[in-house]
Structures are given as C-alpha cells and as structure tokens.
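Notes follow once the structure below has been shown.
Chain naming here is simple, since letters A, B, ... match the order of the sequence lines and numbering starts at 1 in each.
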2 protein chains.
Amino acid sequence: MPKLGMEPIRRAALVKATIAEIGARGSLDVTVAQIAKAAGVSSGLAHHYFGGKEDIFLAAMRHTLTVYGAGVRAGLAAAGTPRDRVEAVVKAGFSPENFRAEVIAAWLNFYVLAKTSLPARRLLIVYQSRLRSNLRHALRPLLGPRAAAAAERVAAQIDGLYLREGLAARDPDGARAAAEVLAGLDLELQAKAAR
Amino acid sequence: MPKLGMEPIRRAALVKATIAEIGARGSLDVTVAQIAKAAGVSSGLAHHYFGGKEDIFLAAMRHTLTVYGAGVRAGLAAAGTPRDRVEAVVKAGFSPENFRAEVIAAWLNFYVLAKTSLPARRLLIVYQSRLRSNLRHALRPLLGPRAAAAAERVAAQIDGLYLREGLAARDPDGARAAAEVLAGLDLELQAKAAR
DNA sequence: TTCTTCGTTGATTGACGAGTCAATAAAAGA
DNA sequence: TCTTTTATTGACTCGTCAATCAACGAAGAA
C-alpha cells in the first residue's frame, strides 16, 4: 500500500476533515479519532503526521488563513478603483468560500484556542493586523487621515457579523453581511464629502 | 454548620466563581472541581445545587446577562436626550463592570456553549435581540427609518470589539472601544443631516 | 430527646480521550 | 534477494473529569 509521498495528502485530508468535523458536529470538542475517521485514516496516523491535537488545529487554522489571504489578494488584483479595493477586502471575508458555517465554527474554535495557545494567538493577531492593514491602505486614497479610524470600525463590523452568523446561520451566501458593511462604508465616504 | 437558606448563597458564590475561574485560567476548559474550590465548597455541592456542569454555565450566563441588562436600564433611566439614550446603551456594554477580561472570556465561552446547547443559544439570541431592539428604539428619534440598519451596524461593531478585546486585552476600561462605536454613530448622524 | 430535613463532604465510579507503541505491510534501494 | 525506509493500524496506557453516593453534622420539629 504505502506509496511514498503520502504525507502532504494525509495532512491536507486531515486539515480538511478538521474543519468539516467542527462544522458538522457544531461542536468544538472534536476528538482526534473523529477527525481521523473523517479523513479516512486511523487516529495513530493523525498523531504521526502532526505532533498532537493542537498541531492539527493550528494547521487547520493556517489553512483557513491561507485561503482567506488568497481570496483577498485575488480580489485586490482584479480591483481597479480604490473603492473596488475596499470592496474586495470586505467581500473576501464574506465570500461563499470563507463565510460558511463550518469555517465560521472553525474561526470560533480558533478564538477559543488562542486563549490558551500562544502560537494560535499569534496567528490570529497576524490575521487581524493584516485585515486592518488591508483596509487602511484601501481606504487611504478615499478618506485620507480618517482611514485608520474607519478601518477599525469596518474591521469590527466584519468580526461582529461573523460572530452573529456563527450563532444563528441566516445569511448563507454572505450577501447581506457584505452589503451591511459596505453601507457602513458609504457613511464614512459621505461624512468625508460633507466636510 | 448548616444554617438554613444556604442555597441562594451557594448558588451566587458558584456563579461568581465560574466567571472568575474562566477569566483567571484564561481557558474555557474549567472543571467543576475548580469552580467549587474557588467558591469554597466541594464539587459534590455544585452538583447538588445545580444539576450539572452545563447548568452552572447557564446560570453564570444568565447572571452576566442580568448584570448587563441592569446596566442598560440604569443608563436609560438617567438619559435625557435621545442621544443620551444611545450612548447609554453603547456605554453599558463597555462599562468597567461588563468589559472585563473575565466577563469577556465568559462571553466567548457562552458563544461556544451556544453551539451545542439549545438553552444557551436561546439566551444569547435573547441578548442579541434585546441589544438590537434597544439600539433601534434609541436611534429611531434620531434617524427615523434608517434606525434599523444603523442599529445592526452599531451592534456588529460592539460584538466585534468584544472579540478583539478578548483576544488581546489592551483597553482595560473600555473607553477607547466606546469612543470608537460612538464615532461610528456620529457618521450615521452626519449622513442623515447631509440629506 | 428523637426524628427529620437541610447542608456538606470526599471517595468512588465510569466514561472518554490523547498520545504511545509494537507490529505489519509495501515500496525503494543495495 | 535482503535491508531499510515509509505508511499504517488499533490496542493499550494513563490521566482527567463529570456525576454519584453513602455518610456525617447540625438545626429545628415533635
């Protein structure tokens, strides 16, 4: 059986299974055995490729962050105007890829993990910093010195909408959430114009 | 020893200890034994007065919600102008009483619990509904038909700021967070005025 | 005083789960 | 062919923790 080079395949399968299981059970108390089973391997193998449970979660977290980051970059690359750039950053967070029940449940899990795991906390802080940085840069041409404060508000809105959606899924495609944040953005622009 | 009427005292002590332990450990994996010890009683007693661990958490949740609700009502009662009413609702969430590391950690815990426990989910939904309702009513005189959308944005900002503060405490008295939300509120008012 | 009820303890049980380990099997290399 | 390396399993160990339970002490009732 053992064809060589299984490692990346297994790792990917386990990461995917981790997010899927968290979402499916709706619970964050997922056991290694459950994850392994969902990935079609034994629990021993999960420990073999990852050091332990926390490493599995961290890998899932990195994967989620990577997917999100790729979405942001793709959106930015396709954006023409500054306004497009802002929309790209906002919409990346609410894209069907990221704004799914499983992924949102995983995010919540990461916040919990970050309470006790230093690497997890670092990862989350990196994400938050990037999100704010992206928003600031995209908003700068539109709002000038007001960009920083506006970025904070928009970022908080995004996080808050994630939390709400995680509690009671009612916006499966994320369209409403994105529209809501962009409506808030328009307020920032109007306030600037009114000066 | 047993003086009569211990039940409410013990329940209160256990609820308080629950929130304190969650905050102190920084972890949401708090054991009944830890809570009981912090409350100065045995683990058996915790099971005696509450049915089980989940009931203890639910009681702590209800307590947190009650404290928060009382804060909102007190603020509203002291508010004169509509603007004061909005500020009261916002500031209640960031008052030193509610916006403490322990309480924020407890909130995160409740969100996790809500994923698996129906009563917990219901309680959180009640809270969210109340928050939005309070904001809508307070904003109505200021924004008219725009009040509902503005309330959603403000509520999302509040939740998002809680999440951020829970990750890396950097705003111990909540002053910055409250100011940030109120700055967002001013945008809503300016946009209305600019029509 | 005797009985009942409330308050309280801590040892115990039973379940569950993370992580280990010895064993097996298949490919690749010598 | 023989050996080494990689892949894989599942039983086992060890610890933890929620929940139970038998027992005890103290206050009030009869």
Below 3.5 Å, can you tabulate the donor-acceptor pairs from side chains in residues 8-21 of chain A to any protein atom, sequence neighbours excluded?
{"unit_1": "A:R11", "atom_1": "NH1", "unit_2": "A:E7", "atom_2": "OE2", "d": "3.2"}
{"unit_1": "A:R11", "atom_1": "NH1", "unit_2": "A:Y49", "atom_2": "O", "d": "2.9"}
{"unit_1": "A:T18", "atom_1": "OG1", "unit_2": "A:L14", "atom_2": "O", "d": "2.7"}
{"unit_1": "A:E21", "atom_1": "OE1", "unit_2": "A:R25", "atom_2": "NE", "d": "3.1"}

Response to the item:
Shortest non-hydrogen pair, B:G93 vs B:N98, comes out as O-CB, 3.8 Å
Worksheet entry | Set of side chain to side chain contact (heavy atoms under 4.5 Å, CB included) partners for A:D186, sequence neighbours left out | A:R83, A:L189, A:Q190
Fill in: Which nucleotide in C:dT9, D:dG10, C:dG7 has an atom nearest any side-chain atom of B:V41
C:dT9
Worksheet item: Under a 4.5 Å side-chain heavy-atom rule over Ile, Leu, Val, Met, Phe, Trp and Tyr, are B:L161 and A:L187 clustered together?
Response: no
Discussion item. For residues A:I125 and A:L58: do they belong to one hydrophobic cluster (side chain heavy atoms under 4.5 Å, members Ile, Leu, Val, Met, Phe, Trp, Tyr)?
Written reply: yes
Worksheet item: So, B:K115 side chain and A:G166 main chain: donor-acceptor pair closer than 3.5 Å or not?
Response: yes
Worksheet item: In whole angstroms, how far is the C1' atom of C:dC21 from the CG atom of A:L45?
Response: 14 Å
Response to the item:
Expected list for residues 47-56 of chain A near DNA chain C, using heavy atoms below 4.0 Å, is A:H47, A:G52, A:K53
What donor-acceptor contacts under 3.5 angstrom involve side-chain atoms of residues 64-71 of chain A, with partners at least two apart or in another chain?
{"unit_1": "A:T64", "atom_1": "OG1", "unit_2": "A:A60", "atom_2": "O", "d": "2.9"}
{"unit_1": "A:T66", "atom_1": "OG1", "unit_2": "A:R62", "atom_2": "O", "d": "2.7"}

Discussion item. Are the side chains of B:V112 and B:W107 in contact, using a 4.5 Å heavy-atom criterion?
Written reply: no
Discussion item. Can you pull out the residues from residues 9-24 of chain A that lie within a 4.0 Å heavy-atom distance of DNA chain D?
Written reply: A:R10
Discussion item. Please list, in numerical order, the residues of residues 27-37 of chain B that have a heavy atom closer than 4.0 Å to any atom of DNA chain D.
Written reply: B:V30, B:T31, B:V32
